[in-house]
Amino acid sequence: MSTDDHERLLGDLRTMVRIRAFEERVSRHFREGLIPGFVHVSIGQEAIAAGVCGALRDDDYITTTHRGHGHCLAKGLDADGMMAELFGRATGTCGGKGGSMHIADPSIGILGANGIVAAGLPIAVGAALAARRRGTDAVAVAFAGEGTVHSGPFHEALTLAVLWEAPVIFVIENNRFAEFTDSEAMWRGDPLVDRARGYGLHHSERIDGNDVEVVRATIEPLVAAARAGAGPALVEAMTYRVHGHYEGDAVPYRDEAEFERWRERDPIARATAALEAAGHGDAVAAIQADADAEIDAAVERGLAAPYPTAETLLEDVHA
Amino acid sequence: MSTDDHERLLGDLRTMVRIRAFEERVSRHFREGLIPGFVHVSIGQEAIAAGVCGALRDDDYITTTHRGHGHCLAKGLDADGMMAELFGRATGTCGGKGGSMHIADPSIGILGANGIVAAGLPIAVGAALAARRRGTDAVAVAFAGEGTVHSGPFHEALTLAVLWEAPVIFVIENNRFAEFTDSEAMWRGDPLVDRARGYGLHHSERIDGNDVEVVRATIEPLVAAARAGAGPALVEAMTYRVHGHYEGDAVPYRDEAEFERWRERDPIARATAALEAAGHGDAVAAIQADADAEIDAAVERGLAAPYPTAETLLEDVHA
Amino acid sequence: MPDERPPRYIDGVRSAIAAEMEADPDVVLIGVDVGEGGGVFGATRGLHERFGAERVIDTPIAEAGVLGAAVGAAMAGLRPVAEIMYMDFVSVCLDPIVNQAAKLRYMTGGGARIPLVFRTQTGGGRSSGAQHSQSLEGMLAHVPGLKVFLPSDPRDVHDLLRAAIRDDGPVVFVENRRLYNRRPADGPWEPLPPGRARVVRPGDDVTVIAWGRMVEEVARACDEQLTDVGVELIDLRTLVPLDLETLERSVRRTGRALVVHEATADFGPGAEIATRLSERLLYEIEGPIRRLGAVAAPTPYSPPLEALALPGPEAIAAAVRGLLED
Amino acid sequence: MPDERPPRYIDGVRSAIAAEMEADPDVVLIGVDVGEGGGVFGATRGLHERFGAERVIDTPIAEAGVLGAAVGAAMAGLRPVAEIMYMDFVSVCLDPIVNQAAKLRYMTGGGARIPLVFRTQTGGGRSSGAQHSQSLEGMLAHVPGLKVFLPSDPRDVHDLLRAAIRDDGPVVFVENRRLYNRRPADGPWEPLPPGRARVVRPGDDVTVIAWGRMVEEVARACDEQLTDVGVELIDLRTLVPLDLETLERSVRRTGRALVVHEATADFGPGAEIATRLSERLLYEIEGPIRRLGAVAAPTPYSPPLEALALPGPEAIAAAVRGLLED
Ligand SMILES: Cc1ncc(C[n+]2csc(CCOP(=O)(O)OP(=O)(O)O)c2C)c(N)n1
Ligand SMILES: Cc1ncc(C[n+]2csc(CCOP(=O)(O)OP(=O)(O)O)c2C)c(N)n1
Ligand SMILES: [Mg+2]
Ligand SMILES: [Mg+2]
């Protein structure tokens with residue numbers, strides 16, 4: 001690894017660790033009743049968020065899902081605003097109106113988490129189309145779970161992206177489950193990457209989603225190609241959902257041996273090991289400490305923040 | 001050709017000629033203002049209806065589209081009822097309530113023409129599922145245009161059909177156009193039949209849809225396989241829409257040379273020529289005469305029939 | 001040790017499906033995670049084991065396809081109970097409901113039979129966010145050909161769901177997730193058919209018409225804040241068919257009425273009820289028929305905002321007192 | 001030879017889009033057959049040639065994807081005008097309208113801007129069948145975050161469409177295909193902004209509120225059958241925002257009101273208007289606010305049945321006379 005590689009890996013580790021720190025607190029505070037509603041965490045899947053968003057610019061776009069905290073943090077959203085949002089506070093990213101499933105900040109290209117499976121894919125295609133029509137070289141990434149691929153909007157999004165040569169990359173996080181369903185039980189026929197290629201995507205590849213270096217190395221050329229006009233591509237990143245579908249799900253349907261195998265492939269542990277072996281132990285420790293401090297502070301500020309006032313109830317319904 | 005082959009071809013010719021006779025009158029009477037609303041005819045595409053439905057039993061199911069007259073006639077619906085329906089009469093197949101786009105007769109497995117592109121595909125899958133769950137060996141055929149394949153329900157229907165091993169055959173009539181759009185302009189990537197195979201269909205094939213013998217020969221083994229539990233298959237039948245999208249469409253977007261090439265491949269002319277060459281000229285002439293007489297009578301009876309009475313307006317809203 | 005307590009609302013759902021599946025082999029259950037997982041709320045737990053994967057069918061996330069297939073299956077002789085996990089998701093599968101199931105019988109002049117239940121649930125007030133909180137029954141009641149049932153009572157949910165499954169036409173069956181753990185009140189139970197509203201508590205001053213969770217919110221408002229007012233609380237139970245007779249009888253007596261629902265008030269189902277009652281009783285009422293529903297905004301996530309957005313006991317009590325001043 | 005006659009309704013659609021595309025390079029048009037084909041009714045004819053395939057975008061039949069893409073494009077700086085060919089087809093693409101476009105601004109606390117027009121059309125009465133005849137504006141008006149415009153006049157369609165395109169939020173724009181060939185009446189024209197109803201003809205006896213094609217049906221009823229009645233005809237123009245003030249002012253004077261719409265009456269948009277007016281004017285009206293809409297059945301194909309299903313001059317005249325007897 002070159003020094004550049006180390007720097008990049010340290011950066012991606014920082015992102016992963018921040019996400020993990022964020023979501024572990026979310027999980028805990030949800031259990032404690034401090035976070036209302038329901039939340040879905042991406043613990044174990046951080047390499048994808050970090051590796052993909054690390055390759056993006058501020059003016060690039062992403063859309064994500066109900067499991068989107070990681071993608072938002074990696075794309076540059078501040079933990080303070082996000083945590084306050086989850087606490088339902090006025091200082092939250094969306095003023096407390098959105099919540100975990102609807103965090104968005106279009107000003108930095110985050111076009112939204114989404115509570116509707118597959119809804120983000122066409123949105124990303126449209127953003128990519130707009131980028132080109134407006135003469136920029138921005139690209140869009142649509143994050144989605146593997147449960148999404150059976151749905152109509154997935155098919156329509158791929159079809160339109162290819163037709164429009166839209167600079168969009170579909171990143172399918174295959175974390176083994178769609179809610180309580182073993183995703184393999186729903187799958188028939190060719191692998192997703194082959195099917196996707198059949199739509200005319202210029203590239204389609206299945207990768208190890210728990211290795212942030214692999215994710216980065218895969219995505220960077222795809223982003224560059226999309227900027228240069230190569231059109232859409234798809235990546236199926238293999239990973240594993242370490243928590244339940246939502247916090248509180250006891251996961252009775254999980255195969256424990258498989259779970260353990262995946263735990264051993266934890267993306268943060270892997271990056272940490274590589275960096276420690278390369279003599280970056282101190283930097284790694286500092287990343288962890290910084291992230292803990294950052295997120296603890298976010299929690300503290302979030303819990304201290306006021307709830308939105310009644311006057312905001314009817315604000316922002318219309319433009 | 002064996003005698004059986006001739007008999008079958010004569011039967012299929014009869015079906016094609018009846019469809020043609022029916023739709024030519026529909027076209028004319030629409031122009032004359034005797035048929036309200038809008039109608040879509042399948043002139044030039046009759047081989048598909050005849051070849052496919054000729055392979056089906058009464059208790060098999062079909063779903064069709066806005067361009068469904070041929071499929072319904074071929075599946076056994078009487079021309080009288082259909083013509084009366086198009087005239088909006090009480091004696092129509094649906095008592096005048098449906099019209100061209102909604103002709104259906106579930107008692108003989110016709111689960112409906114449909115005004116919503118792609119809506120019939122999942123319906124056919126469900127009927128096929130029901131047939132198996134209820135222990136019959138009935139199969140279902142979903143007729144659809146090539147414009148349908150970009151839509152979400154197409155994707156979902158194929159996915160579910162394979163997952164459920166449903167005895168359903170998707171017959172995609174590629175008649176070159178979707179409304180005013182050249183369908184090739186919307187297509188990217190692998191041929192439809194390859195994409196379809198990727199879903200795990202046991203068979204997927206592109207055929208000459210203007211040769212009724214080819215259609216029959218393709219469909220019969222697929223129907224038999226579906227009855228025996230082989231699951232779903234797809235056929236893309238290449239054909240050409242000889243009339244406009246709807247009656248009254250002046251087809252400014254048509255390539256006249258291409259149009260002429262296809263006219264020479266008229267399915268009825270081809271079957272007629274084969275049968276005449278085999279010495280069945282008399283039978284062919286009789287088929288034509290019978291069809292004319294049948295449809296003329298249907299027109300006459302239809303025009304003489306009463307309109308539905310006001311009392312029926314609110315009947316059959318609920319079961 | 002068997003649970004001796006009366007069954008909860010969610011148990012009523014499960015036992016109704018089980019009873020109809022037992023009685024009729026053509027009844028099948030279909031939807032995302034309804035099978036092995038037992039449903040995201042556990043409503044269908046045990047049915048997969050009991051009736052097998054052939055009749056309790058887990059599907060991929062492809063609701064438009066699944067509901068379309070349910071329509072086809074219904075026409076081909078099954079009686080599917082198809083689940084739409086959250087009512088908000090009708091947005092991805094409206095066509096099979098509105099353009100197929102609702103219309104096919106009519107369009108075929110009576111030729112098609114569509115014995116089909118679209119089971120779904122709603123329930124705001126727990127920070128589920130704008131895309132998991134909508135009560136869209138008004139949209140569906142507006143579509144001729146659909147029936148719409150919305151049980152509020154743990155016993156009624158069983159009765160109505162059985163009736164829905166036995167109905168030969170399409171029924172949208174709207175449960176409320178915030179009622180799933182409710183157990184019935186003590187006292188005798190008289191089953192009613194769909195299309196009959198139930199007078200939950202009699203009163204002479206004001207008629208309050210509600211359904212779903214709003215029935216208990218109104219009851220709470222009465223118990224906690226309106227002890228001095230004779231509120232006649234009517235659980236509508238089914239929006240289609242609509243039991244105008246029972247409503248009219250009550251309002252004719254009380255002279256005042258309020259419709260309370262979780263759905264957005266604007267262009268919502270309460271407007272229909274208010275209009276119908278006003279049409280019939282204009283000269284008998286002592287003030288306008290009023291509605292109380294969610295405010296005209298997407299559902300906010302933050303608990304204090306959401307509490308303001310939805311009708312609760314305070315708002316209900318205030319609205320009832322408002323009626324008395326009209 | 002240039003056509004010297006005033007532009008038709010459909011020309012107003014086309015010229016509005018053209019003017020806004022001319023004025024703002026971010027305005028794009030997108031939909032099935034809107035481009036080279038010029039639209040199934042010819043409404044967008046010539047725009048493809050004039051503005052090119054990059055801005056007038058033909059799509060495959062994938063409306064859910066197309067509308068979702070339009071939402072994304074709007075958030076990323078374009079101002080898409082996305083066509084839904086028939087209003088009935090909202091059934092296949094409701095999610096991007098209802099759960100995305102309508103809610104995103106609110107859910108993001110004002111962070112998202114969704115300048116997006118969903119252009120569609122309806123128009124019963126010509127045997128288009130149950131799946132090509134629905135007026136579903138009530139469903140959409142019920143969804144907070146959407147505006148709903150429904151022009152009736154050939155000049156107004158131009159003004160309102162331009163306003164819709166300039167609006168920074170999502171607007172559902174409902175044309176009526178049976179008006180496409182209409183040319184404006186003579187006389188001066190005063191443009192009005194959205195949210196302002198227009199008094200089309202003044203009168204003192206009865207207020208009739210209508211939109212879309214029903215405006216001319218009411219006018220016809222007045223001219224042909226109600227010459228002895230002072231009907232004040234109000235073209236509502238936009239359902240959201242709703243101009244209650246103009247309606248109230250009129251009904252306060254006439255004391256009687258009828259809402260006429262093509263949509264099914266039951267649980268339809270007329271109920272909201274009737275309820276709002278009754279709430280405000282209960283003690284001033286001389287009879288119930290009434291509605292006339294399509295009957296509670298899917299739209300029948302057969303011409304005589306369809307004529308019975310939809311409001312026409314006879315039914316309107318009868319309803320107005322009924323009001324006078326209330
Ligand atoms: C249209 C729609 N159907 C169903 C749901 C309920 N739902 C939420 S998440 C989910 C599973 C998604 O699985 P996957 O795409 O693999 O994402 P993951 O949760 O694994 O990240 C389902 C079914 C939904 N939100 N939207
Ligand atoms: C969901 C939906 N979108 C659009 C339409 C309008 N429409 C009717 S037919 C048609 C083209 C269909 O093309 P194809 O599937 O090739 O069938 P064909 O007309 O060629 O038989 C379109 C766009 C529709 N009826 N339904
Ligand atoms: Mg998953
Ligand atoms: Mg075609």
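Note on naming: letters A, B, ... go to the chains in the order of the sequence lines (proteins, then strands), and numbering restarts at 1 for each one.
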Checklist line | Option in Ile61(D), Val92(D), Asp95(D) with maximal non-hydrogen atom pairs under 4.5 Å from chain A | finding: Asp95(D)
Notebook entry, point to check: Among Ala64(D), Gly169(D), Pro25(D), which residue forms the greatest number of heavy-atom pairs with chain A at distances under 4.5 Å?
Noted result: Ala64(D)
Next item on the list: Output the option from Val125(A), Leu160(A), Thr136(A), Ile116(A) having the highest count of non-hydrogen pairs under 4.5 Å with chain D.
Entry: Ile116(A)
Notebook entry, point to check: If you tally heavy-atom pairs under 4.5 Å against chain D, which of Arg134(A), Glu315(A), His102(A) wins?
Noted result: Arg134(A)
Where does [X] contact chain D at under 4.5 Å (heavy atoms): side chain, backbone, both or neither?
X         : answer
Leu313(A) : both
Leu111(A) : both
Thr93(A)  : backbone

Hey, does [Y] have a side-chain heavy atom less than 4.5 Å from the side chain of [X]?
X         : Y         : value
Tyr106(D) : Leu314(A) : no
Gln100(D) : Asn114(A) : yes
Ile57(D)  : Leu129(A) : yes

Note to self: Working to the nearest 0.5 angstrom, can you tell me the gap between Trp164(A) CH2 and Ile30(D) CD1?
What the structure shows: 3.5 Å
Item checked: Spatial distance of atom CG (Asp167(D)) from atom NE2 (His318(A)) [nearest 0.5 Å] -> 9.0 Å
Next item on the list: Apply salt bridge (Lys or Arg N to Asp or Glu O under 4.0 Å) to Arg280(D) and list each qualifying residue two or more places apart in sequence or on a separate chain.
Entry: Glu245(D), Glu248(D)
Checklist line | Residues of residues 65-89 of chain D contacting chain A, heavy-atom criterion under 4.5 Å, by residue number | finding: Gly65(D), Val66(D), Gly68(D), Ala69(D), Val71(D), Gly72(D), Ala73(D), Met75(D), Ala76(D), Gly77(D), Leu78(D)
For [X], is it the side chain, the backbone, both, or neither that has a heavy atom closer than 4.5 Å to a heavy atom of chain A?
X         : answer
Lys103(D) : neither
Arg113(D) : neither
Ile114(D) : neither

Notebook entry, point to check: Any idea which heavy atoms bring Leu163(A) and Pro60(D) closest together, and the distance?
Noted result: CD2-CD, 3.5 Å
Note to self: Which heavy atom of Ala104(A) sits nearest to which heavy atom of Thr108(D), and what is that distance?
What the structure shows: CB-CG2, 3.5 Å
Notebook entry, point to check: Taking atom CD of Glu36(D) as the centre, does the number of heavy atoms from other residues, nucleotides or ligands within less than 6.0 Å exceed 12?
Noted result: no
Item checked: Listed once per pair and sorted, the salt bridge (Lys or Arg N to Asp or Glu O under 4.0 Å) pairs that draw on residues 151-165 of chain A, sequence neighbours left out -> none
Next item on the list: Indicate yes or no for a side-chain donor-acceptor contact from Arg133(A) to the backbone of Glu54(D) under 3.5 Å, with no hydrogens or angles considered.
Entry: yes
Next item on the list: Sequence neighbours left out, what passes side chain to side chain donor-acceptor pair (under 3.5 Å) with His71(A)? Give chain and number order.
Entry: Thr64(A), Glu173(A)
